[in-house]
Amino acid sequence: MFSRIKQSLPGPSGWPILGSLLDIDTSNLHVSFDKWTNEYGPLFLCKMATKTLVVISSPRLVKQALVEKCCSDVLNDRPDSFFSKYIMDDAMGVVFGKYGQTTTEIKKFMYKGLNTHCQGAPQFEAMTQKELEKLIKNVADQKGKDFNPFEFVSTSLANIVTILFSGSVADEKDAEIIWEYNKAIRGSIEVTTDTLLWAFPFLRFLPVEVGRKYRRTMQAKEELLKRFFQSNKDTYEAGRERGLVDFLFKIQSEENKEGEIQCLTDSQIKAIIQDVIFGGIGSVTYSILSMLLLLVHHHDYVEGIYQEIVNVVGLNRFASLQDLPAMPYTEAVILETLRYITIVPITASHRAMADIELEGYTIPKEAAIIINIWTIHHDPAIWGDPWVFRPERFLDDNGGLLPAEHALRQSLVIFGAGPRSCVGEELAGSRIFLYLTSLVQKFDLLPPEEGTGISDDPRTFLPGGVLRPPDYKMRAVSR
Ligand code: HEM
């Protein structure tokens, strides 16, 4: 029989030794990858010094590579990196965990903990409402004048994370600790920093920029774990679960059933705490801030959401998660925001554990696989007018939300796909819905009185793993 000829993947030829390192915008990888997708197609390979990257930019190939069993078992590992080894304690948690039973078990605990203590859990939802009331008061205090929503929204969401971990907000410093950790890790995980420190790990001790970034991160990590790991451990009581961290201590104390990985180590619990902040705080905060900016620019949707709130929820209570299925218009605005902005433009790197064939090409063992979500979400062949913010694209002729199996919804890769997809999808989606509806219920959202305001085009947003809009001002006029 004829064996299939395995072709080499197309891609930029690059330079000797350095490969395409000098041709790539390391802060905006998604932009360089987008350009190369136009030249080489939705599956290409590029070299970055010693690293081989394979970039995938079509929903069909994402399913084949990450979801279908034949490829998925080979392409869902994570590569080694300085960040995962030195900052995430040898990839103890989920985000950087090696593909296999241990990571799968930890991920299951994370899902179970989030389902028990988070989305839909009565106490958590009651505490979320209290945070929303505080946020609404802070916004109302601006009395319809120009204000920057960043501080209020970011503090409010950090408080939600604190409640998730510990059941309550102890003091204002909690939010500072969370945001300092988030800012510090964003500096350390940047590709050039990570590549340099991976090649020359001793630099972390020297008075150079990458060393300073590393030491800032370690300091922030120490503070974070003192607050959310150690203080919970010191006050943990069996039979009382204040939040996710106590839930994990409970699992840790349960007897290890034979043949099952039942016992979580302290290091794994610490890594889960870091995973939640690493994965969750920036992504949700900047999604909400981007959405407010979009609504200020596209005021008709503020009115549309408000009308839906009046019809479904009324004005005497906050919307709850049970209202969501009856609010397709609001859900379409959320989906379109997450598509248009694409807050996480590329996935974390996956590692090919062996040579594998995809579309007749060989993906080499050890290649880093990256999904360019940005390109998929802005592909004119899928969306027609990708650079237009148009929530109606997710609605049918009767105003109903397109079903999940519709081709357009299937082309959304907001939270990744397959075994490495996002643990926090439900938590993120539910918080975005609750924050959006609470603010629109109480306020009309308007552009600032002074100045022209900033662009809502995500191509102008700031990079750093998670895209974020530059600081902006808006008005919120009480209804
Ligand atoms: C709008 C908000 C969010 C977006 C857009 C988002 C997006 C993503 C994406 C694209 C991935 C990568 C999948 C891959 O590597 O193939 C991911 C992974 C992950 N996310 Fe999220 N995420 C969000 C919120 C959250 C939240 C709130 C949490 C925390 C509870 C979280 C925790 C994680 C974790 C732990 C992973 C790693 C999963 C794994 O490696 O198996 N994310 N997320």
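Start at 1 and go down the list; that is how both ligands and their atoms are numbered.
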>> Going by the closest heavy atom to atom 26 (C) of ligand 1, which one wins out of Gly280, Gly416, Gly93, Ala271?
In response: Gly280
>> As an exercise, identify every atom of ligand 1 less than 4.0 angstrom from a heavy atom of Val95.
In response: 34 (C), 35 (C), 36 (C), 37 (C), 40 (O)
>> Given the ring of Tyr236, does Lys250 sit roughly above its face, with NZ or CZ under 6.0 Å from the centre of the six-membered ring and within 45° of the axis?
In response: no
> What protein heavy atom sits nearest atom 19 (C) of ligand 1, and how far away is it?
Replying inline: Cys422 CA, 3.7 Å
> Which is it for Val413 and ligand 1 at heavy atoms under 4.0 Å: side chain, backbone, both or neither?
Replying inline: neither
> Which atoms from ligand 1 have a heavy atom of Arg78 less than 4.0 Å away?
Replying inline: 14 (C), 15 (O), 39 (C), 40 (O)
> Taking N or O atoms only and a 3.5 Å limit, does Asp275 qualify as a polar contact for ligand 1?
Replying inline: no
>> Using a 4.0 Å heavy-atom cut-off, which part of Glu425 comes near ligand 1: side chain, backbone, both, or neither?
In response: neither
>> Could you tell me, atom by atom, which parts of ligand 1 come under 4.0 Å of a heavy atom of Ile343?
In response: 5 (C)
> Do the charged groups of Glu223 and Lys226 touch, with an N to O distance under 4.0 Å?
Replying inline: yes
>> With ring-ring contact (aromatic ring centres under 6.0 Å, His included) as the test, pick out the partner of His378 among Trp383, Phe389, Phe33, Trp387.
In response: Trp387
>> Please confirm whether His350 approaches ligand 1 to less than 4.0 Å, judged on its heavy atoms.
In response: yes
>> Salt bridge or not between Asp385 and Arg390? Use side-chain N to carboxylate O under 4.0 Å.
In response: yes
> Taking the six-membered ring of Phe278, is NZ or CZ of Arg186 closer than 6.0 Å to its centre and within 45° of its axis?
Replying inline: yes
> Are Thr192 and Thr195 linked by a side-chain donor-acceptor pair shorter than 3.5 Å?
Replying inline: no
> What atoms in ligand 1 come closer than 4.0 Å to a heavy atom of Thr347?
Replying inline: 14 (C), 15 (O), 16 (O)
> Which of the atoms of ligand 1 are close to Ile414, meaning less than 4.0 Å from one of its heavy atoms?
Replying inline: 5 (C), 7 (C), 10 (C)
> Can you list the ligand 1 atoms lying under 4.0 Å from a non-hydrogen atom of Ser287?
Replying inline: 1 (C)
> What residue and atom, counting heavy atoms only, is the protein's closest point to atom 41 (O) of ligand 1, and at what distance?
Replying inline: Lys107 NZ, 2.7 Å
> Taking all non-hydrogen atoms of both residues, which atom of Ile454 and which atom of His297 are closest, and how far apart?
Replying inline: O-NE2, 2.7 Å
> Relative to the ring of Tyr301, is the ring of His298 parallel (under 30°), tilted (30 to 60°) or perpendicular (over 60°)?
Replying inline: tilted
